[in-house]
Amino acid sequence: MPTPRSDRRRRLIAPLMAALAATASLTACGSGDTGVSAADARTQAADLVRVLKLKDGAALGGDVTFALGAALTLSGPSAGNGQSMRNAIELAVKQIKAAGGPTIKPSVKDIKGPDPVAAKQAASELASEGVPAKIGSMGDGLGAMLADTDKSRILTLDGVGGAQVFTRGTKYFYGTREVAPSDAVPGALEWFERTHPQGRTVGLAGVDLGAANAAIKADLTRKFAAAGLTYNGLWETVAPSSQDFASMIAKIRKNPPDLLWVAFSGASPGAFAAQAKAAGIKSELLGIEFTQEAVQASKGVLDSDGLKFAMDYFDPSAPPNPLARLFADAYKRAYGQPADFYAANAYEETLMVWDLIRRVKAAGGDPGDGAQLKAALEKDPRFASVYGGDTATVGTLKIDLRTHGVASRPMGVFEYKDGKVKALATYDVDGRGFRLAD
């Protein structure tokens with residue numbers, strides 16, 4: 001008869017043993033295409049169980065097969081962003097399976113630039129496949145997928161655009177990162193006022209979001225005024241897929257603000273910065289994100305001149321908590337390059353889906369039902385996060401059930417220059433807890 005101590009020990013190591021046993025199936029999931037070795041898989045699976053504190057008796061979902069949709073920008077100027085998200089999803093899927101969790105089968109669709117026609121097609125295909133959940137991007141394809149998201153009851157997590165003003169009211173859509181750039185604006189403007197005391201005017205150069213532009217413009221200009229700065233009337237936009245900014249830059253030269261918000265994604269901030277420098281634009285540029293694609297597109301300008309940006313930046317060289325460290329190390333080993341925030345957010349969202357599957361299963365429900373996944377999220381909108389926390393504690397992502405965005409999110413103003421990123425200021429949503437970096 002086992003002793004109480006041996007019985008307790010057996011129960012505690014059960015999840016780890018399940019992780020090791022499940023590793024044999026990893027190759028069938030396609031580990032070779034990410035370079036995940038059997039040894040890496042065993043280590044990552046055991047670490048994931050430990051870091052997430054999955055206890056003996058938890059319904060890990062090993063008997064569940066789950067169809068997970070993904071609507072990503074796999075072509076066009078944001079193709080690199082979509083690919084890094086796909087990489088992270090596939091990495092998380094393999095880790096989850098090896099940890100004794102469900103067999104998650106991603107169905108990945110290309111929404112291009114995003115292009116509204118491609119986004120609508122992706123929504124239709126995912127609905128016909130009956131996926132109960134999907135990982136979206138760009139405000140669910142810049143709004144093109146939102147109606148189908150609700151109609152098909154597909155729980156959607158968007159870690160790219162967040163819960164933009166034009167997504168409000170969509171029942172099955174949730175933004176899992178800061179609303180870019182709205183949530184970052186108050187803290188960024190405080191940074192600007194403290195470091196540029198003579199600067200008074202603000203303008204914007206960004207992408208054309210069609211009908212959503214009016215609501216976004218009203219939101220941002222209201223925040224400019226609340227900060228005591230003057231909107232100078234400059235609001236120039238181009239198509240999301242364009243990297244030709246000549247006409248836009250000509251208008252900026254005629255009406256240059258002290259602070260120019262550069263609301264582009266992917267490679268576009270770098271291409272814009274290069275063209276703006278060539279045209280002699282002297283405004284302080286402040287981007288809404290940063291990726292290595294932008295560095296490459298700038299043809300050396302970002303390395304020499306730098307680029308400041310305000311966002312919830314994921315630094316793979318200094319992961320803030322144990323889950324972030326596990327992810328950053330695993331991603332680098334699998335793909336040979338550092339993870340960007342697109343990858344970090346997609347990884348985090350895949351783990352959120354696994355969490356919801358476990359919750360629904362533990363309640364005796366059907367994890368394949370999007371409505372039940374949504375109910376589980378609303379019952380407890382807190383999830384493990386690769387952001388925040390500390391060296392010993394995993395961060396927490398909490399969804400605001402009123403806005404369907406994040407209730408809080410570590411973010412700040414950063415600067416990339418000469419191959420390095422440094423923080424200039426840190427704060428939370430709406431500038432809460434603002435602090436200039438040391």
Side-chain angles (χ1 to χ4, degrees), residues 71-79 81-82 109-127 134 136-152 154 156 158-175 177-185 202-224 231 233-252 260-269 271-272 287-289 342 403-405:
L72 312 177
T73 55
L74 295 172
S75 59
S78 295
N81 306 339
K109 309 298 180 185
D110 181 13
I111 61 172
K112 301 184 179 180
D115 171 74
V117 175
K120 289 286 288 182
Q121 179 64 26
S124 176
E125 291 177 6
L126 291 173
K134 75 173 183 292
S137 60
M138 303 289 187
D140 219 11
L142 297 181
M145 303 180 73
L146 294 175
D148 287 313
T149 290
D150 269 3
K151 181 180 178 181
S152 304
I154 299 175
T156 299
D158 190 323
V160 177
Q164 296 284 344
V165 290
F166 60 85
T167 70
R168 303 287 169 84
T170 308
K171 295 179 179 179
Y172 279 76
F173 176 93
Y174 296 86
R177 65 164 299 204
E178 57 113 351
V179 178
S182 180
D183 286 341
V185 166
V202 188
L204 179 140
V207 297
D208 185 356
L209 301 181
N213 280 348
I216 294 173
K217 184 176 182 179
D219 174 59
L220 294 190
T221 54
R222 183 170 56 250
K223 289 176 177 176
F224 297 163
Y231 167 55
L234 185 79
W235 192 277
E236 296 300 322
T237 61
V238 296
S241 60
S242 176
Q243 291 195 48
D244 181 358
F245 306 111
S247 176
M248 171 184 284
I249 287 175
K251 294 178 181 178
I252 295 170
L260 178 61
W261 221 281
V262 182
F264 299 112
S265 63
S268 296
F272 178 86
I288 65 170
E289 69 168 58
Y342 285 96
T403 65
H404 283 211

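Keep in mind that this is a model prediction, so the values were computed, not measured.
- Contact between E289 and F264 at its shortest, heavy atoms only, is CG-O, 3.7 Å.
- No side-chain donor-acceptor contact under 3.5 Å links S152 to the backbone of I154.
- Side-chain contact check for K134 versus Y172: every heavy-atom pair is 4.5 Å or farther apart.
- Rounding to the nearest 0.5 angstrom, the gap separating the CE atom in M145 from the CG atom in D150 is 12.5 Å.
- Heavy-atom minimum distance, S265 versus S78: OG-OG, 3.7 Å.
- Side-chain atoms of H404 do not come within 3.5 Å of backbone N or O of A163 as any donor-acceptor pair.
- Side-chain contact between W261 and L220 is absent, with no heavy-atom pair separated by less than 4.5 Å.
- In plain terms, the two heavy atoms of S75 and D110 that are nearest each other are OG-OD2, 2.7 Å.
- Nearest heavy atoms, K223 versus S182: NZ-OG, 2.6 Å.
- Taking the side chain as every heavy atom from C-beta outward, I252 and L234 approach each other to under 4.5 Å.
- When each of V179, T221, L204, V165 is tested with I216 by the rule side chain to side chain contact (heavy atoms under 4.5 Å, CB included), just one qualifies, namely V165.
- Scanning both residues, D158 and M138, for their nearest heavy atoms gives OD2-N, 3.5 Å.
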task = Using the side-chain contact (heavy atoms from CB on, under 4.5 Å) rule, take S124 and K120 through it: C-alpha gap first, then chi angles, then the decisive distance, then the call.
result = CA-CA 6 Å; S124 176; K120 289 286 288 182; over 6 Å; no
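- The shortest heavy-atom contact between S137 and I111 is OG-CD1, 3.6 Å.
- With respect to the salt-bridge test (charged N to carboxylate O, under 4.0 angstrom), the residues R222 and D219 qualify.
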ask   = Which is it for T73 and N81 under the side-chain hydrogen bond (donor to acceptor under 3.5 Å, both in side chains) test, yes or no, and what are the steps along the way?
value = CA-CA 7 Å; T73 55; N81 306 339; 5.2 Å; no
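- The aromatic rings of F272 and F245 stand perpendicular to each other, their planes meeting at an angle above 60°, with 30° marking the opposite boundary.
- For the pair D208 (side chain) and T237 (backbone), a donor-acceptor distance under 3.5 Å is absent.
- With R177 contributing its side chain and V160 its backbone, the two residues share a donor-acceptor pair below 3.5 Å.
- For the pair D140/T167, no side-chain contact is recorded, criterion being any heavy-atom separation below 4.5 Å from C-beta on.
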Residue pair F173, Q164: steps toward the side-chain contact (heavy atoms from CB on, under 4.5 Å) verdict = CA-CA 10 Å; F173 176 93; Q164 296 284 344; over 6 Å; no
